[in-house]
Amino acid sequence: MQEASCEALLVSALANVRYLTGFSGSAAMLLVLERGAVLVTDGRYATQAAEELVGTGAEARVEALGPSEHSRLLKGLLAGTARLGLEAEHVSWADRQRYSEDWAEGTELQATTGLVERLRVKKDPGELARMAAAAAVADEAFAAVRGWLDDGPTEAELALALDTEMRRLGADGPAFETIVASGPNAAKPHHRPSSRQVRPGELVVLDLGARVDGYCSDMTRTVWAGEPGEVGTRRSAGGAGSVLAAGVPAAGEGAGGVDLRRLLSVVLESQQAGLAAVRDGVPAAEVDRACREVIEAAGLGGRFVHGTGHGVGLDIHEAPALASTSSDILGCGHVVTVEPGVYLAGVAGARIEDTVVVGETGCKALTTSPKEAPGNVA
Ligand code: ZN
Ligand code: ZN
């Protein structure tokens with residue numbers, strides 16, 4: 001706060017409030033003053049907030065008030081404060097306007113960024129334990145549902161089964177909307193599970209994560225439905241194009257065919273290269289480079305359409321960013337994903353993702369589900 005030259009800070013992002021106090025409800029702000037902190041919430045959370053703060057031992061006073069009383073309380077607390085920091089990335093234009101009119105008269109509102117987020121990047125043992133539990137739940141759900149894939153369920157049925165399994169295993173719920181993308185749908189990185197039935201010989205992308213005690217896990221596996229197929233065929237025009245013919249030769253197939261085994265093998269190799277690059281002190285952009293080089297060497301550079309990974313914690317996407325444009329440096333205790341993918345519009349796609357803890361000389365994967373072999377690659 002001193003560096004940001006503010007005497008007080010209003011923490012309004014709920015994940016930040018939870019990180020600092022343990023409060024898990026859906027409405028609260030934490031006012032951090034030099035003389036102490038005050039959690040301002042409403043009547044619905046009076047009991048829960050008091051219990052949760054006792055549970056974590058956070059030293060903050062709880063004020064559960066009606067909306068009309070908020071202004072008076074904040075005005076009183078801020079009397080004599082010249083500069084109040086706001087979380088610029090989490091306060092809307094309308095909020096700021098309202099604050100200055102309602103209770104911040106005479107106090108200068110100052111934009112701050114990432115003050116709490118920077119504290120959250122390095123996970124402590126308690127956080128790591130929760131994330132390991134979240135990863136174990138996803139692993140177990142994946143194992144429970146994997147065999148069903150061979151029977152031709154729909155994408156939506158599979159997604160529902162994964163979500164139900166994660167809850168049954170004790171998760172708060174899924175950490176994000178589960179992705180099940182089969183055949184040509186797998187070419188869309190964030191495909192929403194549909195009524196499409198999984199067909200034998202296809203590659204299916206399953207991207208799932210659990211939330212346990214607030215903390216997320218994130219894992220993607222690309223698996224075969226039934227026996228590994230050899231060739232995916234383009235079903236819509238204007239998709240795959242000549243890059244495929246050059247980069248992923250379809251063994252003995254005509255134009256438009258894609259060697260699915262080769263596709264999976266390239267992504268596997270890329271992910272392994274990424275994982276091998278993760279360790280303390282390495283620029284995040286270097287991990288991205290390691291993944292991208294393998295895919296580029298296979299002639300598929302243009303088909304890896306997203307960054308390599310992201311930090312995970314109370315939020316499913318948080319700092320650091322693993323991308324070519326990232327200036328973040330990985331450090332011990334950071335938890336990040338490594339998730340390269342290749343997407344061939346209208347035909348097929350593959351992505352493999354693990355959530356890993358950065359260590360001094362390498363990384364440790366929290367997600368441990370088996371990665372499927374590509375089969376015999378020509
Ligand atoms: Zn994911
Ligand atoms: Zn992810």
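Not measured: the values here are computed from a predicted model. Order of listing sets the numbers, starting from 1, for every ligand and every atom in it. Here, residue 1 is the first one in the sequence, and each next residue gets the next number.
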* Residue that, paired with R221, satisfies side chain to side chain donor-acceptor pair (under 3.5 Å) out of D139, T367, D354, D207 -> D354

For residues 105-112, which side-chain N or O atoms pair as donor and acceptor with protein atoms under 3.5 Å away, sequence neighbours left out?
unit_1: T107; atom_1: OG1; unit_2: T81; atom_2: O; d: 3.3
unit_1: Q110; atom_1: NE2; unit_2: A4; atom_2: O; d: 2.9
unit_1: T112; atom_1: OG1; unit_2: L86; atom_2: O; d: 2.8

* Asked: How about T113 and E89: does a side-chain donor come under 3.5 Å of a side-chain acceptor?
  -> no

* To do: Using ring-ring contact (aromatic ring centres under 6.0 Å, His included) as the criterion, list what pairs up with Y99, not counting sequence neighbours.
  => W103

* **Protein-derived N, O or S atoms lying under 2.8 Å from the Zn ion (ligand 2), waters excluded** => 4

* Tell me, please, which residues at least two apart from H317 pass ring-ring contact (aromatic ring centres under 6.0 Å, His included). => H310

* Only one of R303, R351, H191 passes side chain to side chain donor-acceptor pair (under 3.5 Å) with Y343; say which it is. => R351

